[in-house]
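Sequence lines set the chain letters: A, B, ... in the order given, protein chains first and strands last, and positions in each chain run from 1. Everything numeric in this text was worked out from a predicted model, so none of it was measured.
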Protein chains: 2
Amino acid sequence: MDPLNALTVFREYLTKFIVFDDAEWAIFKEHLGFRMLKKKKHFAEQGSVCNEFGFVVKGSVRYYYIKDGEEITNYFSFEKELVSSYKSFLTRQPGFNYIQALEDTFLITVSYHDLQAMLAHPLLAYKMERFGRLVAEYYLICYDDRMASFITKTPEERYLDLLTTGRDILQRMPQHYIAHFLGITPVSLSRIRRRILSVAK
Amino acid sequence: MDPLNALTVFREYLTKFIVFDDAEWAIFKEHLGFRMLKKKKHFAEQGSVCNEFGFVVKGSVRYYYIKDGEEITNYFSFEKELVSSYKSFLTRQPGFNYIQALEDTFLITVSYHDLQAMLAHPLLAYKMERFGRLVAEYYLICYDDRMASFITKTPEERYLDLLTTGRDILQRMPQHYIAHFLGITPVSLSRIRRRILSVAK
DNA sequence: CCAAAACGTTAACAAAAGATAAGGAATTGG
DNA sequence: CCAATTCCTTATCTTTTGTTAACGTTTTGG
């Protein structure tokens, strides 16, 4: 993956939240890192403080917890999405979840230290605060939608929703990860699929 | 409720996120509203754009959806907490949930229009962006914790957690609201309680 | 290329949750 | 103050999910 091209992709993505002029971008750029994460390697680990957030240029990751010795997948990120163990990153406390590359994954990263430097930089501070606000609001809304689906819908309904909106997840993730993402066991998801198929035909 | 005292409480609460000096506060204050919400009256309604966020000075509210004609309670806010139908407020689209006062509730409010004015005000813009970022990050973390509990825990475990951390909710909310908040039916919560009692003794 | 691991389905049984209804206690609203 | 409503529990029955295990298929990694 060509870093120059990756930067272009990232800058384009950021316009969703904020537009940096060339002078600002020149400074911003200097605070970025690049990271190649081999398949199955971790971006964040339980018990460790997450020191960076990332932007997926190519590849994908899953978020998971370990409960009773078992991995429970919680979330996924794909190309052109941000990645971080947000709580740990923001609070500087050890995190509870792992983030793992599911294929060779190329990331642009910003360390906590560099983010603070940009937030304190006279020429960037205002836009960085705004950027942070808009990103946090964006993810807040995502969480709100997801919480609502857990409160008001059955696992089967959540799976049906996913069928219409979860192209990447459905096509690129193994089913047992999807099951935990929906809040159920892999066996249960397999049964739901059969139920749906038998109704459909 | 005395508005002057309420403003003092609100200013103190805000220091959790940001400290306004007297000049800034003088401007900020002018953008606030006060609202008395009688028991059972709504702060936000399904299908309407939520035009304000609030700060609960006294009282409490619940958030709920209507699904298949039934009310499903999703969340609560008590004294010294913010209230809004966030997604609707932020996106200016009709919201999906109701917010209802559970007792006579006194709120300090900020309209979307006033918030935008403050975000655009030269003397406030920077701190308001920062304030917005920190608030959104705070709630992001709350959502993250709650999602994690739905993915990794059983309803019984979530109720046990609530017993240690949910004083306000347990003492001030009827049990059938708490049940939906935990993602289960009231009948099921009643059974869980019995199960716990029979184990405890 | 092959052995090992991972994956999805199915079955059988147990545990839990949903739906419905009934009864009694507590609350409420004129 | 009293009738009506709301609330919680309990019981019964149905549906769904969890658990464990087995089996065949696919994928993986040396």
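- By the 6.0 Å contact criterion, CZ on A/Phe96 is open, its count of non-hydrogen atoms from other residues, nucleotides or ligands being 12 or less.
- DNA chain C lies under 4.0 Å from at least one heavy atom of each of the following residues of residues 185-193 of chain A: A/Val187, A/Ser190, A/Arg191, A/Arg193.
- Note that OH of B/Tyr65 and CD of B/Glu70 are 15.0 Å apart. Values are rounded to the nearest 0.5 Å.
- Taking every heavy atom of both residues into account, B/Arg35 and B/His42 meet most closely at NH2-O, 3.5 Å.
- Taking a 6.0 Å sphere around NZ of A/Lys80, one finds it holds 12 or fewer heavy atoms contributed by other residues, nucleotides or ligands.
- At least one side-chain heavy atom of B/Glu129 sits less than 4.5 Å from a side-chain heavy atom of B/Leu119.
- As a whole-Å value, the separation of A/Leu102 CG from D/dT27 C1' is 15 Å.
- B/Leu182 has its CG atom 11 Å from the P atom of C/dA17, to the nearest Å.
- The existence of a salt bridge linking B/Arg11 and B/Asp22 is confirmed by a sub-4.0 Å separation between a basic side-chain nitrogen and an acidic carboxylate oxygen.
- Taking the six-membered ring where the residue is Trp, A/Phe28 and A/Phe131 present perpendicular rings, their angle passing 60° and hence far from 30°.
- One atom, CG of A/Asp104, and another, P of D/dT28, lie 12 Å apart when rounded to the nearest Å.
- The distance from atom CD1 of B/Ile72 to atom C1' of C/dA19 is 14 Å, rounded to the nearest whole Å.
- Around the OH atom of A/Tyr138, the shell of radius 6.0 Å holds no more than 12 heavy atoms that belong to other residues, nucleotides or ligands.
- Residues from residues 155-179 of chain A lying near DNA chain C, meaning a heavy-atom separation below 4.0 Å, are A/Pro174, A/Gln175, A/His176 in numerical order.
- Shown are B/Arg62, B/Lys41, B/Lys39, B/Arg172; of these, the salt bridge (charged side-chain N to carboxylate O under 4.0 Å, His left out) with B/Glu103 is made only by B/Arg172.
- Here A/Lys39 reaches the OP1 or OP2 of D/dT28: one of its side-chain N or O atoms lies under 4.0 Å away.
- Atom CD in A/Glu103 sits roughly 19 Å away from atom P in C/dA6 (whole-Å rounding).
- Rounded to whole angstrom, the span from the CG atom of A/Leu197 across to the C1' atom of C/dT9 amounts to 12 Å.
- An OP1 or OP2 oxygen of D/dT17 is reached within less than 4.0 angstrom by a side-chain nitrogen or oxygen of A/Arg195.
- Put simply, CD1 on B/Ile196 is 16 Å from P on D/dC8, counting in whole angstrom units.
- The NE2-C1' distance, from B/His180 to D/dC8, rounds to 13 Å in whole Å.
- Between B/Lys40 and C/dG29 there is a side-chain polar atom (N or O) within less than 4.0 angstrom of OP1 or OP2.
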